[in-house]
Student: 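First, the structure itself, so that you have it in front of you.
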Amino acid sequence: MGHTAIILGATGLTGSHLLDMVLNDVFYDKIVVFGRSSLDITHPKLESHIIDVLDLEQEADRFKADVVFCCIGTTKAKTPDMELYRAIDYGIPVTAAKLCKTNKIPCFVVMSSLGADKTSNIFYNRIKGEMEAAVLEQGIPRTYILQPSIILGDRNEKRRGESIAKVLMTLITPLLLGKLKRYRPIASKTIAKAMVNLPKGNREENIIPSHVIKEIASHGS
């Protein structure tokens with residue numbers, strides 16, 4: 001029997017790759033997407049709901065699956081209001097984790113970021129760290145928090161600072177060896193592939209750093 005997956009953030013850079021992969025993976029026979037905009041694809045396995053993701057708790061009755069994938073995230077440039085930023089990067093993933101706990105969904109896979117630290121003075125890193133801690137507090141049997149480094153891929157919007165950082169990181173990547181491997185840039189498709197693979201295995205670690213994401217994408221969970 002196949003598995004049902006819920007995806008949050010299916011229209012984003014990583015989420016769009018993830019959606020394509022799970023739709024073509026026999027491990028999953030039903031994909032439920034919750035988002036604020038309609039998808040430009042149809043598929044017999046796909047069930048899409050247009051909602052206000054900031055009120056995700058209102059979807060408790062429909063929030064039922066074997067695994068939940070959360071690819072939600074924003075940027076300071078796109079969301080300068082700090083309260084709204086927190087509502088997105090912290091509020092949505094944590095609400096999703098709480099719904100997993102309430103509805104006894106055994107697997108939650110969420111994207112965070114390398115450098116996440118709830119004690120950080122950097123707003124972005126602190127929010128991600130607080131999100132991770134709150135998600136782990138829910139005690140979902142199989143929780144996987146992915147911490148990718150700089151993500152490579154074609155975005156709809158241009159991010160000047162990020163583009164410069166990608167160029168610089170690509171140039172120094174050959175020098176990032178040993179413990180520094182986690183800082184190497186990572187392709188969005190690679191992250192999506194790792195997310196697809198994780199529910200199929202029994203990995204014990206909750207935190208998945210960037211270099212391990214690549215290993216899981218290549219060799220399975």
Student: Minimum heavy-atom separation for A65 and P106, please, with both atom names.
Tutor: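 Smallest heavy-atom distance, with atoms named: O-CD, 4.4 Å.
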
Student: State which residues pass side-chain contact (heavy atoms from CB on, under 4.5 Å) with D25; sequence neighbours excluded, sorted by chain then number.
Tutor: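 Applying side-chain contact (heavy atoms from CB on, under 4.5 Å) to D25 gives F27, Y28, V196, K200.
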
Student: Please confirm whether the backbone N or O of L23 pairs with a side-chain atom of K45, one donor and one acceptor, at under 3.5 Å?
Tutor: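 Confirmed, K45 side chain pairs with L23 backbone.
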
Student: From T11 OG1 over to R36 CZ, what is the distance, rounded to the nearest 0.5 angstrom?
Tutor: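 T11 atom OG1 to R36 atom CZ measures 7.0 Å (nearest 0.5 Å).
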
Student: Would I50 and I92 show up in the same hydrophobic cluster when neighbours are defined by side-chain heavy atoms closer than 4.5 Å?
Tutor: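 No, no single cluster joins them.
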
Student: What's the separation between atom OG1 in T95 and atom CD in Q58, rounded to the nearest 0.5 Å?
Tutor: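 The distance works out to 10.5 Å.
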
Student: Identify the two heavy atoms, one from S149 and one from S210, that lie closest to each other, and give their separation to 0.1 Å.
Tutor: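 Distance-wise, the nearest heavy atoms are N-OG, 3.0 Å.
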
Student: Closer than 3.5 angstrom, by distance alone: can the side chain of S16 be matched with the main-chain N or O of L13 as a donor-acceptor pair?
Tutor: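 Confirmed, S16 side chain pairs with L13 backbone.
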
Student: Applying the 4.5 Å side-chain criterion to the ILVMFWY set and letting contacts propagate, would I31 and M21 be lumped into a single cluster?
Tutor: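 Result: yes, single cluster for both.
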
Student: Using 0.5 Å steps for rounding, measure from the OG atom of S37 to the CD1 atom of I51.
Tutor: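 It is 11.0 Å, given to the nearest 0.5 Å.
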
Student: Considering only heavy atoms from C-beta outward, does the side chain of Q147 approach that of K128 to under 4.5 Å?
Tutor: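 SC-SC contact between Q147 and K128 ruled out.
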
Student: Are any of the side-chain heavy atoms of I208 and I145 separated by less than 4.5 Å?
Tutor: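 Not touching, per the 4.5 Å side-chain cut-off.
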
Student: List for me each residue that meets side-chain contact (heavy atoms from CB on, under 4.5 Å) alongside C70, sequence neighbours excluded, and say none if there are none.
Tutor: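 C70 satisfies side-chain contact (heavy atoms from CB on, under 4.5 Å) with L8, I72, P93, F108, V110 once adjacent residues are dropped.
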
Student: Mind listing the closest non-hydrogen atom pair of S120 and R126 along with its distance?
Tutor: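 Minimum heavy-atom contact is O-NH1, 3.2 Å.
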
Student: How far apart are the closest heavy atoms of K214 and P185, and which atoms are they?
Tutor: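 Minimum heavy-atom contact is NZ-O, 3.0 Å.
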
Student: Distance check, rounded to the nearest 0.5 Å: K76 atom NZ versus M82 atom CE?
Tutor: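 It is 6.0 Å, given to the nearest 0.5 Å.
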
Student: If the condition is side chain to side chain donor-acceptor pair (under 3.5 Å), which residues does S112 pass it with, not counting sequence neighbours?
Tutor: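 So S112 forms a side chain to side chain donor-acceptor pair (under 3.5 Å) with E132.
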
Student: Please determine whether side-chain contact (heavy atoms from CB on, under 4.5 Å) holds for the pair M111 and L18, giving the CA-CA distance in whole Å, both sets of side-chain angles, and the decisive distance to 0.1 Å.
Tutor: CA-CA 12 Å; M111 278 186 63; L18 173 66; over 6 Å; no

Student: Specify the closest pair of heavy atoms between A217 and N197, including all atoms of both residues, with the distance to one decimal.
Tutor: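 Reported closest heavy-atom pair: O-ND2, 3.6 Å.
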
Student: Scan for ring-ring contact (aromatic ring centres under 6.0 Å, His included) pairs involving residues 118-145, sequence neighbours excluded, and state none if there are none.
Tutor: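 Every ring-ring contact (aromatic ring centres under 6.0 Å, His included) pair that includes a residue of residues 118-145, provided the two are not neighbours, is Y85-F123.
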
Student: Sequence neighbours excluded, which residues qualify as ring-ring contact (aromatic ring centres under 6.0 Å, His included) partners of H43?
Tutor: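 Result, ring-ring contact (aromatic ring centres under 6.0 Å, His included) vs H43: none returned.
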
Student: Decide whether V109 and V135 are clustered together by the hydrophobic rule: side chain heavy atoms of Ile, Leu, Val, Met, Phe, Trp, Tyr closer than 4.5 Å, transitively.
Tutor: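 No, separate clusters.
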
Student: Is any side-chain heavy atom of L198 less than 4.5 Å from a side-chain heavy atom of V67?
Tutor: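 No, side chains not in contact.
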
Student: Look at the side-chain heavy atoms of Ile, Leu, Val, Met, Phe, Trp and Tyr, link any pair under 4.5 Å apart, and say whether I6 and I41 land in one connected group.
Tutor: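 I6 does not cluster with I41.
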
Student: Could you tell me which residues satisfy side chain to side chain donor-acceptor pair (under 3.5 Å) with K30, sequence neighbours excluded, listed by chain and number?
Tutor: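 Partners of K30 under the side chain to side chain donor-acceptor pair (under 3.5 Å) test: E47.
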
Student: Could you work out, with side-chain contact (heavy atoms from CB on, under 4.5 Å) as the rule, every residue matching D20, not counting sequence neighbours?
Tutor: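 Counting only residues at least two positions away or on another chain, D20 forms a side-chain contact (heavy atoms from CB on, under 4.5 Å) with N24.
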
Student: Out of curiosity, does I7 fall in the hydrophobic cluster containing I151 (side-chain heavy atoms, cut-off under 4.5 Å, transitive links)?
Tutor: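 Per the 4.5 Å side-chain linkage, I151 and I7 are co-clustered.
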
Student: Can you name the residues that form a side chain to side chain donor-acceptor pair (under 3.5 Å) with T79, not counting sequence neighbours?
Tutor: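 Listed in chain order: T74.
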
Student: Judged by atom type as modelled, is there a donor-acceptor pair below 3.5 Å linking the side chain of R142 to the main-chain atoms of G201?
Tutor: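 Looks like yes, one N/O pair under 3.5 Å.
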
Student: Answer yes or no: is there a side-chain heavy-atom contact under 4.5 Å between R203 and V212?
Tutor: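 In contact.
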
Student: Restricting to pairs with a member in residues 55-72, which pass salt bridge (Lys or Arg N to Asp or Glu O under 4.0 Å), not counting sequence neighbours?
Tutor: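 Every pair satisfying salt bridge (Lys or Arg N to Asp or Glu O under 4.0 Å) with a residue in residues 55-72: E59-R62.
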
Student: Go through it in stages, so that I can follow the logic: the residues are I140 and I105, the test is side-chain contact (heavy atoms from CB on, under 4.5 Å), and I'd like the CA-CA distance, side-chain angles, deciding distance and then a yes or no.
Tutor: CA-CA 8 Å; I140 301 162; I105 299 173; over 6 Å; no

Student: Under the side-chain contact (heavy atoms from CB on, under 4.5 Å) rule, what do M195 and L146 come out as? Steps first, then yes or no, please.
Tutor: CA-CA 8 Å; M195 296 181 83; L146 282 69; 3.6 Å; yes

Student: Check the pair L46, L19 against side-chain contact (heavy atoms from CB on, under 4.5 Å), reporting the backbone distance first and the verdict last.
Tutor: CA-CA 9 Å; L46 179 62; L19 176 60; 4.1 Å; yes

Student: At what distance, to the nearest 0.5 angstrom, does NE2 of H211 lie from CD1 of I186?
Tutor: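 Answer rounded to 0.5 Å: 10.5 Å.
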
Student: Taking only residues at least two apart or on different chains, which pairs with a member in residues 47-67 satisfy ring-ring contact (aromatic ring centres under 6.0 Å, His included)?
Tutor: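 Passing the test, one end in residues 47-67: F34-H49, F34-F63.
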
Student: Could you list the residues that satisfy side-chain contact (heavy atoms from CB on, under 4.5 Å) with D81, not counting sequence neighbours?
Tutor: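 Partners of D81 by the side-chain contact (heavy atoms from CB on, under 4.5 Å) criterion, ordered by chain and then number, come out as E83, L84.
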
Student: List the residues meeting side chain to side chain donor-acceptor pair (under 3.5 Å) with D117, not counting sequence neighbours, and say none if there are none.
Tutor: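 D117: side chain to side chain donor-acceptor pair (under 3.5 Å) contacts with T119.
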
Student: Quick one: OG1 on T190 to CD1 on I213, what's the gap to the nearest 0.5 Å?
Tutor: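 Answer rounded to 0.5 Å: 9.5 Å.
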
Student: Taking all non-hydrogen atoms of both residues, which atom of A60 and which atom of L99 are closest, and how far apart?
Tutor: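 For A60 and L99, the tightest heavy-atom pair comes out as CB-CD2, 3.8 Å.
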
